[in-house]
Amino acid sequence: MVRIMRSHAIAAVLLTFSCVHMRPIHASQPNFLILLADDLGYGDLECFGRGNISTPHVDSLAHDGLKLTQWISTASICTPSRAAMQTGRYPRRFGMTANALPWRVFDTPSQPGGLPENETTIATILKHAGYRTGMSGKWHLGINSKEKMGAHLPPMHGYDDWMGLPFTNMPNCAMGHESKEFCMLMANHTVIEQPTKMQNLTLELTDHAVRFINYSVALEQPFFYLMSYVHVHTPLFASPMFTNVSRGGQFGDNLEELDWSVGQLLSLLDAHGIAENTLVLFTSDNGPFAEEGWDFAGRTGGLKGSKGQTYEGGIRVPGLARWPGRIAHGYVSDALVSTMDIAPTLLSFAGIPTPASVVFDGMDISAVLLKPEETESPHEFLWHYCGENVTAARYKNWKIHFATQIWTSDTKPTPKCVECCPDGPTAFNGKGGTLCDCADKDLIKHNPPLIFNMAVDRNETTPLTPQTLPNFAAIVANVTAALAKHYDSVLPSTDQMHTLPGYGLEPCCDGTPPFALCECDHYIAGKVWP
């Protein structure tokens with residue numbers, strides 16, 4: 001009961017802040033607010049066609065800004081996708097890919113792998129240029145190394161202030177049954193809640209973001225903030241005020257709570273008078289987790305496949321951009337863009353040169369955002385990795401599949417889902433939770449490759465042939481040559497993913513394991529932790 005009362009207290013503060021007069025600030029450099037959903041499908045928002053879930057605040061970004069219909073995630077699964085967003089680079093370059101579960105993501109909080117120290121994040125570059133850098137929410141890019149506790153956490157990668165999950169949401173974190181071994185809330189290097197109380201999580205993360213922005217305004221300092229939502233990753237969870245409220249069921253409750261949080265942050269920008277100096281981007285880390293079942297997963301909007309796959313349903317995600325006075329409102333762009341583009345684009349808008357030591361794979365899409373009606377994509381090629389290898393590619397409007405995954409569920413008389421793999425060896429007690437893998441045994445090789453024209457067949461239903469596509473051979477030759485050149489540029493790196501859990505590497509609020517001692521609730525709204 002105390003926990004529920006606390007969540008209502010936080011909500012009350014957030015709901016009333018916009019009534020207070022705030023002094024506008026004027027900065028020469030823009031602020032950046034990145035809103036990242038977790039496992040949100042291409043068809044889950046009202047502005048992308050969903051009819052039974054209300055998302056007015058997220059939808060306002062489309063009405064007041066730009067809707068991007070071809071926003072492509074660099075990877076179709078959490079850890080490598082997030083690594084790409086942070087660095088603007090293919091995660092294969094720094095050892096953060098793997099072909100099969102459980103190694104495709106970090107599977108326990110005690111694995112010593114993580115985002116390497118020598119990889120430069122967008123937060124690090126902006127911080128060195130004078131920005132305040134903050135983050136709330138899911139990290140999932142490693143925690144401790146064998147040599148140093150906290151080696152991989154956000155404060156070691158350029159973030160001044162972070163609060164969130166160092167690991168991820170998983171079956172062990174089901175609301176009301178949270179495990180202290182897997183579910184903990186951290187603030188910078190300090191475990192402040194173990195296990196995490198999931199029903200309060202979105203409220204607490206939103207409160208953290210509000211306080212960070214408030215303080216940045218008080219300091220008259222430009223900020224970069226990543227709001228890395230845990231919604232709508234399963235197991236689903238919501239606060240009491242967002243339980244049983246959506247026509248979209250429990251999944252809808254989760255998404256509508258996320259939308260409420262977005263509304264709080266957008267209203268805060270307005271209240272401070274800084275909306276016209278703040279670029280807001282909204283997207284998802286990858287497509288929906290279909291293997292969890294129809295009632296608990298998002299929708300692809302008709303796209304083939306889902307999370308874990310290089311079909312469009314796994315990698316094409318909602319993309320929205322708002323910047324009043326800079327980005328025209330109500331436009332729709334079909335330009336091909338990537339999550340890797342965030343880093344170089346923010347540097348362009350901030351007038352900060354790319355450090356000599358950094359080589360981005362992402363491109364500056366500032367022109368796409370500012371002049372969508374006359375700007376084409378800067379990408380000639382995009383490489384779609386399934387684990388450690390490129391199994392598909394984009395070449396202008398052509399989508400080329402060298403291999404596709406084998407869908408085990410389509411052979412079942414009553415499958416949990418279609419175009420997916422719910423019954424693999426890593427399924428959680430037969431209740432879903434697995435994904436299609438990327439090893440040779442999991443793939444169907446295509447020679448010649450499958451080619452789809454994404455301008456007219458984004459659902460990948462009709463593969464083209466040498467008979468229906470006169471330049472078929474030329475397209476294959478161009479892509480094959482470019483891919484060989486790309487592979488030549490990917491140098492050997494330390495494998496971060498195939499790392500075994502280490503004793504004593506688990507985060508613990510009161511020292512070190514055994515876990516009988518790792519239980520606490522030190523959360524205090526607004527407190528800054530070391």
Closest non-hydrogen atom pair, Arg104 against Thr79: O-CB, 4.3 Å

The test is disulfide (SG to SG under 2.5 Å); show your working for Cys509 and Cys518 and say whether it passes. CA-CA 6 Å; Cys509 56; Cys518 299; 5.9 Å; no

Salt bridge (Lys or Arg N to Asp or Glu O under 4.0 Å): which pairs involve residues 135-150, sequence neighbours left out? Asp38-Lys138

Would you call Asp521 and Lys197 a salt bridge, taking side-chain N to carboxylate O under 4.0 Å as the test? no

For Leu153 versus Gly142, what's the shortest heavy-atom pair and its separation? CD2-O, 4.1 Å

Could you please spell out the steps behind the side chain to side chain contact (heavy atoms under 4.5 Å, CB included) verdict for Tyr523 and Glu204? CA-CA 9 Å; Tyr523 175 83; Glu204 292 171 352; 3.6 Å; yes

For Val58, is there any backbone N or O sitting under 3.5 Å from a side-chain donor or acceptor partner on Asp259? yes

I want to know whether His140 and Phe167 have ring centres closer than 6.0 Å. yes

Checking the side chain of Glu291 only, and the main-chain atoms of Pro422 only, is there a donor and an acceptor separated by less than 3.5 Å? no

What's the shortest heavy-atom distance between Leu336 and His379, and which atoms? O-CD2, 3.5 Å

When you compare the side chains of Ser228 and Arg82, does any donor N or O come within less than 3.5 Å of an acceptor on the partner? yes

Any ring-ring contact (aromatic ring centres under 6.0 Å, His included) pairs touching residues 169-202, not counting sequence neighbours? none

Is it the case that over 12 heavy atoms from other parts of the model lie below 6.0 angstrom from the OH atom of Tyr215? no

Side chain to side chain contact (heavy atoms under 4.5 Å, CB included) for Arg394 and Lys399? Distances and angles first, verdict last. CA-CA 5 Å; Arg394 277 294 297 270; Lys399 173 82 174 283; 3.8 Å; yes

Working to the nearest 0.5 angstrom, can you tell me the gap between Asp161 CG and Met135 CE? 11.5 Å

For Thr74, does its backbone N or O pair with a side-chain atom of Ser338 as donor and acceptor, under 3.5 Å? no

With no hydrogens and no angle check, do the side chains of Asp364 and Ser348 hold a donor and an acceptor under 3.5 Å apart? yes

With disulfide (SG to SG under 2.5 Å) as the test, would you mind laying out the steps for Cys436 and Cys420 before giving the verdict? CA-CA 7 Å; Cys436 299; Cys420 61; over 6 Å; no

Residue pair Glu119 / Thr87, side-chain donor-acceptor N/O under 3.5 Å: no

So, does Thr243 use its side chain to make a donor-acceptor pair with the main chain of Ser239 at under 3.5 Å? yes

Value rounded to 0.5 Å, distance of CG in Leu40 from OH in Tyr229: 12.0 Å

Looking at CZ of Phe237 and CG of Asp253, how far apart are the two atoms once the value is rounded to the nearest 0.5 Å? 12.0 Å

Can you check whether Ile365's main-chain N or O pairs, donor with acceptor, with Thr345's side chain at less than 3.5 Å? yes

Could you check whether any side-chain N or O of Arg93 sits under 3.5 Å from a backbone N or O of Ser493, counting only pairs where one atom can act as donor and the other as acceptor? no

Enter the distance from Arg458:CZ to Glu312:CD here, rounded to the nearest 0.5 Å. 9.5 Å

Does the pair Val418 and Trp294 meet the rule for a side chain to side chain contact (heavy atoms under 4.5 Å, CB included), with working shown? CA-CA 10 Å; Val418 295; Trp294 188 254; over 6 Å; no

Between Asp341 (side chain) and Gly362 (backbone), is there a donor-acceptor pair under 3.5 Å? no

Rounded to the nearest 0.5 Å, the CE atom of Met175 sits from the CG atom of Asn169 at a distance of 11.0 Å

Would Arg132 and Asp160 pass as an ion pair if we require N to O under 4.0 Å? no

Between Glu256 and Ser246, do the side chains contain a donor N or O and an acceptor N or O under 3.5 Å apart? yes

Check for a donor-acceptor pair, side chain of Arg92 on one end and backbone N or O of Glu388 on the other, with a separation under 3.5 Å. yes

Between His152 and Gln496, do the side chains contain a donor N or O and an acceptor N or O under 3.5 Å apart? no

Closest approach of Ala83 and Leu115, non-hydrogen atoms and distance? CB-CD1, 4.4 Å

Please find the pair of heavy atoms, one from Ser73 and one from Asp285, that lie closest to each other, and give the distance. OG-O, 2.6 Å

Would Thr206 and Gln264 count as a side chain to side chain donor-acceptor pair (under 3.5 Å) here? Give the steps. CA-CA 8 Å; Thr206 306; Gln264 296 296 300; over 6 Å; no

Would Ser110 and Glu181 satisfy side chain to side chain contact (heavy atoms under 4.5 Å, CB included), going step by step from the backbone distance to the final call? CA-CA 9 Å; Ser110 57; Glu181 287 85 357; over 6 Å; no

Any side-chain heavy-atom pair from His233 and Lys307 closer than 4.5 angstrom? yes

Any chance the SGs on Cys438 and Cys386 are under 2.5 Å from each other? yes

Go through the steps to decide whether Thr97 and Tyr385 satisfy the test side chain to side chain donor-acceptor pair (under 3.5 Å), and finish with yes or no. CA-CA 9 Å; Thr97 56; Tyr385 276 85; over 6 Å; no

Sub-3.5 Å donor-acceptor pair from the side chain of Tyr487 to the main-chain atoms of Val390, do we have one? yes

Are Tyr131 and Phe32 close enough that their ring centres sit under 6.0 Å apart? yes

Can you check whether Asp44 reaches Phe251 side chain to side chain, under 4.5 Å on heavy atoms? yes

Answer yes or no: is there a donor N or O on one side and an acceptor on the other, between the side chain of Asp442 and the main chain of Gln405, under 3.5 Å? no

Enter the distance from Met149:CE to Ile143:CD1 here, rounded to the nearest 0.5 Å. 9.0 Å

Phe224 vs Tyr159 aromatic rings, parallel, tilted or perpendicular, using cut-offs 30° and 60°? tilted

For the student: nearest non-hydrogen atoms of Val105 and Met497, plus distance: C-CE, 3.5 Å

Would you say the side-chain atoms of His157 and Gln86 include a donor-acceptor pair closer than 3.5 Å? no

According to the interplanar angle, ranging from 0 to 90°, do the rings of Tyr225 and Phe212 count as parallel (below 30°), tilted (30 to 60°) or perpendicular (above 60°)? tilted

Run the ring-centre check on His486 versus Tyr90 and record whether the distance is less than 6.0 Å. yes

